[in-house]
Amino acid sequence: MAFFTHLTRRSLAQSAAMANAIKNVTVIGSGLMGAGIAQVAAQTGHSVTMVDIDPVAVGKAEKRIADSISRVAKKKFGEGDEATKFVSESLSRLRTSTDAVASVESADLVVEAIVENLKTKKELFSKLDNAAPAHTIFASNTSSIPIAKIAEATNRLDRFGGLHFFNPVPVMKLLEVVRIPETSSDTYDAMTAWGKAMGKVTVECKDTPGFIVNRLLVPFMFEAVRMVERGEASPKDVDTAMKLGAGHPMGPFELMDYVGLDTGKFIIDGWHKDYPDVEIFSPSPLLEKLVSEGKHGVKSGEGFYKYKK
Ligand SMILES: C[C@H](O)CC(=O)SCCNC(=O)CCNC(=O)[C@H](O)C(C)(C)COP(=O)(O)OP(=O)(O)OC[C@H]1O[C@@H](n2cnc3c(N)ncnc32)[C@H](O)[C@@H]1OP(=O)(O)O
Ligand SMILES: NC(=O)c1ccc[n+]([C@@H]2O[C@H](COP(=O)([O-])OP(=O)(O)OC[C@H]3O[C@@H](n4cnc5c(N)ncnc54)[C@H](O)[C@@H]3O)[C@@H](O)[C@H]2O)c1
């Protein structure tokens, strides 16, 4: 018993030290995920810089964050001074930028949440590798791209890993912490401790396609699309069935719209390229059509369903 208590104390102390080590966080990408990650990092006491190449995206993200932080504050503190203080202190820790390279100069951790494209992610990390201090940990929030392929762009494989958050980040409790063979124990421990400091429950993942959640969730969503393509059921009936028959908070079509159909297409296209013989990873004509029409789901106002802007 004393032995376990000793171990628990030691690992708690180590976790606290690791979590303390990460104070300055740069989040690259201010879309659905980047904004959520930046918000939660600011809420949990980190000094955060949120970066996007698109200034319009930064402006939209600031608005989304302000709305979301108010919801979080209301839930935590109700109405009143404490809620107001939580919002203003959290927002005071958040800066924005359109210059990724300048934004990593004092970062302890960089979390990348840009478009799901290997070439774009590698170009970004290659530039950041030259600009960031030696101790800085790099992590990707990719949904589906092997972390090892992204890390290749850098000379810091021991300080590289995956931090896969879930949408909406302020609400979803899980964080998948992904290690590649070269990820050092210190890096892995620091990423995990930071995840806990962000209020998340962490699970350890190997660098396998889709890690844990998406390896199960993406085939499920795509089988739902095939059912509709085969004329077996309507999106609405599939969604109703999975919510009422399987207890899911959203049906697969609602969820695809929520994640973003463009992101869904990037995921399936990447896996199809890597695993051409796996039938469930083959392109879906229905998804191709919607994406080509600019129907990217909730964020564009229309996907499988229509949304009020
Ligand atoms: C593809 C990627 O790689 C991986 C992924 O991310 S896959 C996607 C994973 N995400 C999911 O599966 C989400 C499934 N959906 C859900 O869990 C729920 O529908 C949902 C949490 C999004 C919304 O819940 P719902 O009950 O329908 O709506 P709503 O009442 O507005 O919200 C529930 C609570 O969450 C809070 N909330 C919802 N969105 C929020 C946000 N963006 N910010 C802050 N709080 C939020 C609300 O304030 C509310 O709080 P309350 O319980 O105190 O009232
Ligand atoms: N949407 C989800 O549910 C979800 C969940 C978990 C992980 N992810 C992953 O997170 C990442 C981002 O997804 P998202 O849904 O937030 O996408 P999004 O389309 O909402 O946002 C992506 C943002 O990246 C910006 N961007 C593109 N190239 C850039 C660059 N070179 N430098 C800086 N900014 C750049 C874009 O301007 C855009 O604002 C993807 O890798 C995705 O697979 C998405």
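Just so you know, residue 1 is the first one in the sequence shown, and it goes up from there. Please read all numbers here as calculations on a predicted model, not as lab measurements. Indexing begins at 1, ligand by ligand and atom by atom, following the structure's order.
Applying the ring pair (Phe, Tyr, Trp, His ring centres under 6.0 Å) definition to pairs two or more places apart or across chains, those involving residues 101-131 are Phe125-Phe138, Phe125-Phe160. Sorted by first and then second residue, the pairs that involve residues 218-247 and meet side-chain hydrogen bond (donor to acceptor under 3.5 Å, both in side chains), not counting sequence neighbours, are Glu223-Arg230, Glu229-Ser284, Arg230-Glu232, Asp239-Tyr305, Lys243-Glu254.
The closest side-chain donor-acceptor pair between Ser30 and Asp52 falls under 3.5 angstrom. In summary, the side chains of Ser90 and Gln43 do not present any donor paired with an acceptor at a separation below 3.5 Å, with no hydrogens or angles considered. A donor-acceptor pair shorter than 3.5 Å cannot be found between the side chains of Lys23 and Ser47.
For Phe165, the heavy-atom gap to ligand 2 drops under 4.0 angstrom. In this structure, Gly260 has no heavy atom closer than 4.0 Å to ligand 2. Judged by the shortest distance from any of its heavy atoms, His296 lies outside the 4.0 Å radius around the atoms of ligand 2. For the pair Lys121 and ligand 2, a heavy-atom separation below 4.0 Å is found. Within the structure, the closest approach of Lys299 to ligand 2 falls below 4.0 Å when heavy atoms are considered.
Ile114 O, 3.1 Å is the protein heavy atom nearest to atom 40 (C) of ligand 2. The protein heavy atom nearest to atom 20 (O) of ligand 2 is Leu32 N, 3.0 Å.
Ordered by chain and residue number, the residues placing a heavy atom less than 4.0 Å from ligand 1 are Ser68, Arg71, Val72, Lys75, Ser143, His164, Phe166, Asn167, Pro168, Pro170, Val171, Met172, Asn214, Leu217, Pro249, Met250, Leu255, Tyr258, Val259.
By the 3.5 Å distance cut-off applied to N or O atoms, Thr120 is not counted among the residues near ligand 2. Every N/O-N/O distance between Thr142 and ligand 2 stays at or above 3.5 Å.
In this structure, Phe266 belongs to a hydrophobic cluster whose other members, linked by side-chain heavy atoms under 4.5 Å apart, are Val115.
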